[in-house]
Engineer: 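Shown below is the structure under consideration.
In this text the structure is predicted, and so the values were computed from the model without any measurement. Every chain is numbered from 1, with letters handed out A, B, ... down the list of sequences.
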There are 2 protein chains.
Amino acid sequence: MDIAQILRSQGFKVTPQRIAIYDALRGHHHHDHPTAEMLYHTLRPEHPSMSLATVYKTMEIFEKIGLVKILEVGDERAHYDWDTEAHSHIRCVRCNKVEDMMGIDLQAIRTIADQGSEYQITGQHITFEGVCPECAKKESH
Amino acid sequence: MDIAQILRSQGFKVTPQRIAIYDALRGHHHHDHPTAEMLYHTLRPEHPSMSLATVYKTMEIFEKIGLVKILEVGDERAHYDWDTEAHSHIRCVRCNKVEDMMGIDLQAIRTIADQGSEYQITGQHITFEGVCPECAKKESH
DNA sequence: TTGTGTGCAAACACTTTGCAATTAG
DNA sequence: CTAATTGCAAAGTGTTTGCACACAA
């Protein structure tokens, strides 16, 4: 099922903007999670009339229909992730790049949390921060 | 060492506002983590001239000298925690209350992350979200 | 006295919203 | 045709900043 079919099946119209935004998101590296601004700048050359508002509105729809997850990773801007499986992330405190962090057993953590809390837990956010290899290299001039 | 001594020892002046803000923060329940707004409203009756800006500026100083930790827990506003030991939190998605979440072994998670990543990891944020017992009760009218 | 701190209002960064014009179906 | 979508600009949020005045030391 491609993006056009998914949109239609959920009652949304298929527009060039939505296709382009979806492609731009997919075009990013698998474990890389762009912000609205980043997508906008990626799209601008090919779609000069594209607006930031449309990126935001489209992402809201994509989230609603389960195509993306909106990540809040502590740099005050949303990052978008088209891998909607639960996993944790790491953000570079220098360049704000956000990547996947593998190897953390979220299910185990969730089980412990469920057992230890009186809340009805609905979600968990595990984000690391640090210096990415590229920035670490730069800094050691 | 009380708050006045700590401030002085770090080269900051001791003002009624700083004392009041510190007391208000301490006055909150141990595992409750207010926002700047909440502190401001708590303080307003006793300190009518108190400004939000002063709360923010003071919290910045408190963080700098290790008196509070600033939590970003996914509701787009900072919550302040005077327990500066690393621990995880849970936020109620209905009332935005933030409380401590005990029983999660952060050290173990950190060790796994350190081993599995090429980043120089400097921090981790583990936040759960769910419905607190009070809100759950309300909702089931 | 003198430099730090306060309080106000304006500036900020990111996101959302109102609305007229456009377009998909 | 007509309801949904776009793009702009304006509004909105939480936070920060510039600056005149107040005040701790």
Engineer: To the nearest 10 degrees, what angle separates the axes at the start and end of the helix from dT1(C)-dA25(D) to dG25(C)-dC1(D), five pairs each?
Structural biologist: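 That helix gives 30° between its end axes.
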
Engineer: Nearest of dT15(C), dG25(C), dT6(C) to any side-chain atom of R8(A)?
Structural biologist: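 The nucleotide sitting nearest to the side chain is dG25(C).
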
Engineer: Provide, to the nearest angstrom, the distance between the NZ atom belonging to K13(A) and the P atom belonging to dT22(C).
Structural biologist: 15 Å

Engineer: Does the plane of the ring in H87(B) sit parallel, tilted or perpendicular to the ring in H33(B)? Use 30° and 60° as the thresholds.
Structural biologist: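 Tilted, since the angle between the ring planes falls between 30° and 60°.
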
Engineer: Reading DNA chain D in the 5' to 3' direction, which nucleotide is the first one with an atom under 4.0 Å from a heavy atom of chain B, and which is the last?
Structural biologist: dG14(D) to dA25(D)

Engineer: Taking for each residue the nucleotide of DNA chain D with the nearest heavy atom, is it R77(B) or G11(A) whose nucleotide lies nearer the 5' end?
Structural biologist: G11(A)

Engineer: For the pair made of CD1 in I61(B) and P in dT6(C), what is the distance, rounded to whole Å?
Structural biologist: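 Value for this atom pair: 7 Å.
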
Engineer: Phosphate oxygens OP1/OP2 of dT23(C): is one of them under 4.0 Å from a side-chain N or O of T15(A)?
Structural biologist: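 Answer is no, no contact under 4.0 Å.
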
Engineer: Between Y56(A) (OH) and dG18(C) (C1'), how many Å, whole number?
Structural biologist: 18 Å

Engineer: Map D75(B) and R18(A) onto DNA chain D by nearest heavy atom, then report which one ends up closer to the 5' terminus.
Structural biologist: R18(A)

Engineer: Given dA9(C), dT17(C), dT6(C), which nucleotide is nearest the side-chain atoms of A53(B)?
Structural biologist: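 Nucleotide nearest to A53(B)'s side chain: dA9(C).
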
Engineer: In whole angstroms, how far is the P atom of dC14(C) from the CG atom of L39(A)?
Structural biologist: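 One finds 14 Å between P of dC14(C) and CG of L39(A), rounded.
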
Engineer: Whole angstrom is fine here: how far is it from CG in L7(B) over to C1' in dT4(C)?
Structural biologist: 12 Å

